[in-house]
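What follows is a short report on a single structure.
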6 protein chains.
Amino acid sequence: MRNDGRLFGQLRKVKLEVNCNKFADGSCFVQIGNTHVICIANVDETVPRFLKGTGSGWVTAEYGMLPGSTNSRMQREVTKGKASGRTQEIQRLIGRTLRTAVNLVALKERQIIVDCDVIQADGGTRTASITGAYVALYLALQKLHKQGGVNIFPIKEQVAAISCGIIGGNILLDLDYSEDSLAQVDANFVMTKSKKIVEIQATAERKTFSQEELSQMYALADSGIGELIKKQNEVLNIA
Amino acid sequence: MRNDGRLFGQLRKVKLEVNCNKFADGSCFVQIGNTHVICIANVDETVPRFLKGTGSGWVTAEYGMLPGSTNSRMQREVTKGKASGRTQEIQRLIGRTLRTAVNLVALKERQIIVDCDVIQADGGTRTASITGAYVALYLALQKLHKQGGVNIFPIKEQVAAISCGIIGGNILLDLDYSEDSLAQVDANFVMTKSKKIVEIQATAERKTFSQEELSQMYALADSGIGELIKKQNEVLNIA
Amino acid sequence: MRNDGRLFGQLRKVKLEVNCNKFADGSCFVQIGNTHVICIANVDETVPRFLKGTGSGWVTAEYGMLPGSTNSRMQREVTKGKASGRTQEIQRLIGRTLRTAVNLVALKERQIIVDCDVIQADGGTRTASITGAYVALYLALQKLHKQGGVNIFPIKEQVAAISCGIIGGNILLDLDYSEDSLAQVDANFVMTKSKKIVEIQATAERKTFSQEELSQMYALADSGIGELIKKQNEVLNIA
Amino acid sequence: MRNDGRLFGQLRKVKLEVNCNKFADGSCFVQIGNTHVICIANVDETVPRFLKGTGSGWVTAEYGMLPGSTNSRMQREVTKGKASGRTQEIQRLIGRTLRTAVNLVALKERQIIVDCDVIQADGGTRTASITGAYVALYLALQKLHKQGGVNIFPIKEQVAAISCGIIGGNILLDLDYSEDSLAQVDANFVMTKSKKIVEIQATAERKTFSQEELSQMYALADSGIGELIKKQNEVLNIA
Amino acid sequence: MRNDGRLFGQLRKVKLEVNCNKFADGSCFVQIGNTHVICIANVDETVPRFLKGTGSGWVTAEYGMLPGSTNSRMQREVTKGKASGRTQEIQRLIGRTLRTAVNLVALKERQIIVDCDVIQADGGTRTASITGAYVALYLALQKLHKQGGVNIFPIKEQVAAISCGIIGGNILLDLDYSEDSLAQVDANFVMTKSKKIVEIQATAERKTFSQEELSQMYALADSGIGELIKKQNEVLNIA
Amino acid sequence: MRNDGRLFGQLRKVKLEVNCNKFADGSCFVQIGNTHVICIANVDETVPRFLKGTGSGWVTAEYGMLPGSTNSRMQREVTKGKASGRTQEIQRLIGRTLRTAVNLVALKERQIIVDCDVIQADGGTRTASITGAYVALYLALQKLHKQGGVNIFPIKEQVAAISCGIIGGNILLDLDYSEDSLAQVDANFVMTKSKKIVEIQATAERKTFSQEELSQMYALADSGIGELIKKQNEVLNIA
């Protein structure tokens with residue numbers, strides 16, 4: 001029924017490859033269908049100014065797309081001299097989400113910088129980034145913990161994210177680019193293993209939607225995120 | 001119970017002043033408690049490049065804060081050389097919302113530029129901006145319609161917006177700045193007169209939230225937006 | 001004889017509204033005809049680097065125009081990435097003028113930042129800004145003095161400003177925008193209560209002018225500034 | 001009495017060297033004491049957008065200082081990413097002045113771009129720039145006229161500029177850098193051969209000044225500009 | 001003898017993976033030891049302004065490094081607002097080299113944009129980029145040729161590149177990062193299949209070098225480039 | 001045979017004028033034919049952050065061109081907001097070269113900033129800059145040495161630079177602009193008095209070149225640099 005034969009409530013093929021980078025403290029190459037993102041987490045022994053002396057840490061994220069990642073080549077953001085509104089919106093979302101996952105006090109006065117770089121973009125790059133970033137972050141914190149940098153392992157919540165949308169009245173899970181550009185409603189859900197919500201962004205692109213439709217998207221997202229959480233735990237060797 | 005004696009589900013005092021600017025095609029000075037925003041709509045006889053030759057129009061929004069609008073003076077964005085991520089996120093939200101309100105084909109190949117400038121900021125500036133921007137936009141389109149620039153009046157939906165939050169387990173409507181900085185969950189709702197959703201952004205600031213809490217915030221927002229829609233219609237002289 | 005029925009030597013209607021902003025240390029909303037400027041003064045307990053350790057303070061000013069303030073919408077300066085030459089020229093002028101008004105040693109090692117934001121622009125925005133900025137600055141210093149931050153009240157001169165111009169051979173006081181765009185000579189005068197000159201900028205826009213014409217403009221400006229000084233003192237409750 | 005033995009009303013040594021650049025349409029290397037400026041005028045067969053189709057031309061100026069031109073090395077403006085307020089103020093002044101000198105209609109739809117680059121700076125760079133820029137402009141227009149690009153020679157006024165200041169109650173002509181940094185009042189005069197005023201900028205740096213002092217500075221400037229006009233005509237071979 | 005057991009004249013392990021990107025006209029993922037670069041070539045049906053109407057085409061290159069590609073995380077260039085001098089130097093080098101490889105007239109009035117993005121950096125990223133970029137470019141031109149966009153296949157030279165260096169008096173081929181940071185001389189060679197030189201950049205980092213040493217480096221580079229050319233032809237299925 | 005009657009292996013007329021600037025620690029106005037560059041060296045008692053506490057110094061260079069220096073006026077780089085790739089490439093080259101000339105430990109923890117500003121450009125501006133910068137640097141260090149700022153005179157190598165090129169199969173020394181734009185190969189050589197190489201950049205502009213041609217260019221450059229070294233020593237009064 002869908003382009004690629006998927007059911008409405010079905011995820012694309014998901015692949016998480018840990019330690020894809022030789023230099024990073026933690027890294028994960030996430031592939032969700034044709035959307036490919038390199039997520040790299042590095043420990044940085046400084047904190048933003050507003051945290052100096054508080055004893056608390058920070059997690060921040062940056063997001064980028066290679067100019068050749070998209071269907072028709074994008075201009076490099078450095079050429080325009082600044083990150084676009086979309087880029088900033090996405091990196092703020094990833095950062096907020098990861099901070100929810102982490103016990104910032106246990107992290108102590110240091111920060112984790114997570115870079116999500118899209119190598120190939122076929123829809124859902126921000127949710128794929130979150131799902132992969134969690135894995136990279138987990139690995140970086142595991143390394144820090146093993147090295148004695150922290151006493152308590154600073155992960156407090158497991159997070160993953162997925163998109164939903166409405167096309168022709170149907171509720172669909174995990175839209176690819178061709179679906180995304182047709183969707184009347186576009187929603188991104190970030191949720192925890194414990195089925196709590198971290199963030200919902202639901203936007204009417206062409207027509208408004210009802211509370212009932214929001215609930216249906218929620219249910220689909222909930223099931224998709226459950227699958228992603230399982231995949232994360234597989235590659236992290238968590239039972 | 002709240003700082004200013006309001007009930008949990010009560011809006012701050014709302015005042016909409018139309019035609020606050022001598023030069024604009026449409027304007028509205030919106031005051032929601034101590035949050036004050038000047039909303040100005042101007043018709044511009046060009047369209048963004050991707051719309052040239054399509055016969056369809058556009059609505060775009062820009063948002064700014066005076067450096068002296070906040071409790072402690074903010075740096076002027078021009079000094080930093082670019083709009084912050086927050087500013088861009090807000091102006092993208094206002095723009096998307098207003099485009100949902102407008103029949104872009106009826107508007108023909110021109111754009112409406114809406115400027116929302118915050119004169120005083122005490123929480124809820126993005127939702128106040130949307131509520132006031134709708135009024136400014138309506139007035140600009142009314143002028144355009146009277147002058148014969150459009151045949152069909154291009155408003156298709158009436159929109160307004162409000163925030164909700166969770167503090168100490170209580171669900172609150174229309175947070176002021178002091179509440180906003182304490183909230184565990186911060187949500188912004190944009191809805192139509194017909195009770196449909198245009199946009200929901202709900203974010204866990206300190207702790208995650210359940211679907212049940214989302215529903216409760218929805219109910220409160222729905223009632224608050226009903227009141228704002230009534231206020232808009234009063235100043236627009238719509239029965 | 002003039003557009004709005006004014007005599008050559010007559011000011012537009014002047015209104016100064018003190019404490020227009022809830023958060024500022026001092027504020028004044030100045031309206032001179034259809035030119036409306038919000039002036040906000042805030043005390044900042046730092047000084048520019050070149051003053052560190054000198055025991056002396058500083059006064060600086062920033063100036064901006066809302067994009068919707070003018071007859072046809074202006075581009076937001078942050079979009080261009082930098083303040084225009086005109087903006088910088090004006091804020092340098094306001095800053096210099098206010099520093100002349102203040103005993104910087106009595107102010108001690110802190111600075112006052114004055115923001116002049118034009119809400120509506122109909123000519124004479126720089127002179128209106130100076131006239132309103134003085135009031136905002138006075139109020140901020142009064143608050144500082146009451147709180148014991150300074151021992152000596154740091155105002156040493158009272159300043160105000162007005163424009164003059166030559167149109168069709170006639171010398172006019174306080175040009176509005178339509179007059180300004182016709183003027184052959186455009187001059188701005190900043191003067192003190194004691195009738196001394198702080199700054200004169202007189203520019204031939206279309207034709208040069210004689211020393212005699214400069215003297216006539218000076219006389220008109222002198223009388224206009226006298227009236228503005230009186231208005232300032234009224235709202236500051238100075239006999 | 002002055003540092004270098006000059007009388008209060010005496011200019012520094014003035015040297016104008018025409019055709020100092022092999023490639024320019026007109027050029028003049030102006031040396032006023034230790035202030036050295038290369039002024040280069042080039043004809044450009046385009047006009048700013050607002051003049052397209054009007055048949056009228058334009059004159060614009062740019063101003064820069066070599067980083068090594070000053071007593072202690074200045075940062076290169078390109079490093080800061082933008083021209084300072086001072087630079088923009090000066091280039092706007094030079095441009096306005098030169099446009100007063102030129103019959104823009106006779107120039108036809110083209111522009112003259114004049115670059116004033118300070119090689120060595122010892123005070124009075126803006127007035128030296130104007131004095132030299134006039135010569136470079138004249139030469140470029142002479143070349144254009146000879147080549148038949150214009151029918152009427154487009155110079156309508158001869159302009160030159162000089163500074164005055166008040167130090168210790170004395171009125172001084174043509175301040176060098178050491179005097180400039182001591183001056184209580186700093187004034188720049190741009191005047192024509194016919195003794196008319198093009199621009200006056202007079203600023204109280206430390207103390208305000210009276211109309212009488214303005215008149216005295218005017219008289220001194222008038223005499224200095226007369227000498228500069230003579231020097232210009234000598235190198236331009238005008239009787 | 002070298003860190004990784006290589007001989008002085010030995011390349012690191014080279015792997016070229018064609019068609020690594022689903023959307024590009026041509027792509028090659030090049031791995032030279034731990035240096036990994038994605039090279040993407042896209043056909044763009046415009047040309048830079050100076051070529052409009054000439055009938056001739058253009059090849060341009062852009063280069064970037066992921067922030068997590070290096071040993072210690074690099075700042076994202078977009079954050080600094082501009083490409084560094086090093087980045088610009090490298091992308092100018094890649095562009096010049098590729099233009100030497102292409103018959104620009106046969107390409108007709110269009111350009112090929114080649115993006116070289118470093119995923120992991122362990123020395124020699126500019127030479128790896130050139131070697132991979134040639135392959136991506138070849139594939140994009142092959143596609144264009146098959147689709148009839150060009151009549152003559154526009155490749156005229158095959159190019160590849162490698163580094164050499166002098167450490168402790170020894171001449172080494174293909175330096176990794178740890179060697180590069182020790183090298184007294186650092187040289188990059190770009191050569192053709194026909195053993196001609198396209199570009200040599202040889203720099204004394206710590207001590208100067210003799211003509212004899214330059215010749216020895218040339219010989220080593222010549223042999224290494226021969227191997228790279230063979231690898232390119234293998235993946236391009238050229239006998 | 002050449003435009004200006006020079007032999008293939010002949011330099012243009014070289015003139016080095018020391019102490020051309022009143023304020024600099026060392027300065028040299030270098031004229032090579034119609035290429036004129038002001039080189040200014042200033043001692044700065046700070047070092048880049050990576051050198052703090054190391055006891056070692058630094059030499060850095062900046063390069064600029066006056067907008068009127070070229071045949072057709074160039075845009076001022078500050079207007080574009082950043083230095084071009086070419087500018088950065090050249091200033092990196094000059095800086096590297098000068099650091100090779102200096103004993104950075106003997107310099108102690110301070111830096112020399114060398115500004116090379118092109119007043120007139122007729123080809124070979126980067127090599128003329130290096131040749132003149134060495135002289136300015138030498139003079140600044142001599143002054144520092146005399147003042148007792150360093151114990152050991154920190155010059156360890158004498159450097160100069162020249163270009164070569166291939167036009168119509170002929171090898172030419174010291175190309176002027178008209179030759180440069182015709183050259184098939186363009187090479188810049190930086191060498192020492194002791195005939196060692198500091199940097200070679202040889203680029204095929206239109207056709208590739210052989211190792212034999214590289215050697216011939218080397219021989220010509222070697223002889224030209226010998227002459228420049230002699231000129232430097234003449235103006236520095238070194239036997």
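FYI, side chains are in, hydrogens and waters are out, and symmetry mates aren't considered; it's all heavy atoms of this structure. All chains are named by letter (A, B, ...) in the order of the sequence lines, taking the proteins before the strands, and each is independently numbered beginning at 1.
Using a 4.5 Å cut-off between heavy atoms, D:Asn34 contacts chain F through its side chain alone, with no backbone atom that close. For chain F, the nearby part of D:Asn42 is the side chain; its heavy atoms alone come within less than 4.5 Å. With a 4.5 Å cut-off on non-hydrogen atoms, D:Asp117 touches chain F through its side chain but not through its backbone. When heavy atoms are compared at a cutoff of 4.5 Å, D:Ala41 does not approach chain F at all. The contact between D:Thr70 and chain F is made entirely by backbone atoms, counting heavy-atom distances below 4.5 Å. For F:Ser69, the part sitting under 4.5 Å from any heavy atom of chain D is the backbone (N, CA, C, O) and nothing else.
Put simply, the side chain of F:Glu62 does not reach to within 4.5 Å of the side chain of D:Gln75, judged on heavy atoms.
More than 12 heavy atoms of other residues, nucleotides or ligands sit less than 6.0 Å from atom NZ of D:Lys156. By the neighbour-count criterion of 12 heavy atoms within 6.0 Å, atom NZ of F:Lys13 is sparsely surrounded, having that number or fewer from other residues, nucleotides or ligands. By the neighbour-count criterion of 12 heavy atoms within 6.0 Å, atom OH of F:Tyr177 is sparsely surrounded, having that number or fewer from other residues, nucleotides or ligands.
Scanning all heavy atoms of the two residues, the minimum distance from F:Pro67 to D:Asp115 falls at CG-OD1, 3.3 Å. The two residues F:Gln120 and D:Lys22 have their closest heavy-atom pair at OE1-N, 2.7 Å. Considering every non-hydrogen atom in both D:Val78 and F:Ala83, the closest pair reads CG2-N, 3.4 Å. Across D:Ile119 and F:Asn21, no two heavy atoms sit closer than the pair O-ND2, 3.8 Å.
In this structure, CD in D:Glu77 is found 9.0 Å from CZ in F:Arg76, a value given to the nearest 0.5 Å.
Of all the listed residues (F:Ser27, F:Ser72, F:Ala121), the one sharing the greatest number of non-hydrogen pairs under 4.5 Å with chain D is F:Ala121. Chain F forms more heavy-atom pairs under 4.5 Å with one residue of D:Ile113, D:Asp122, D:Ile38 than with any other, namely D:Ile113.
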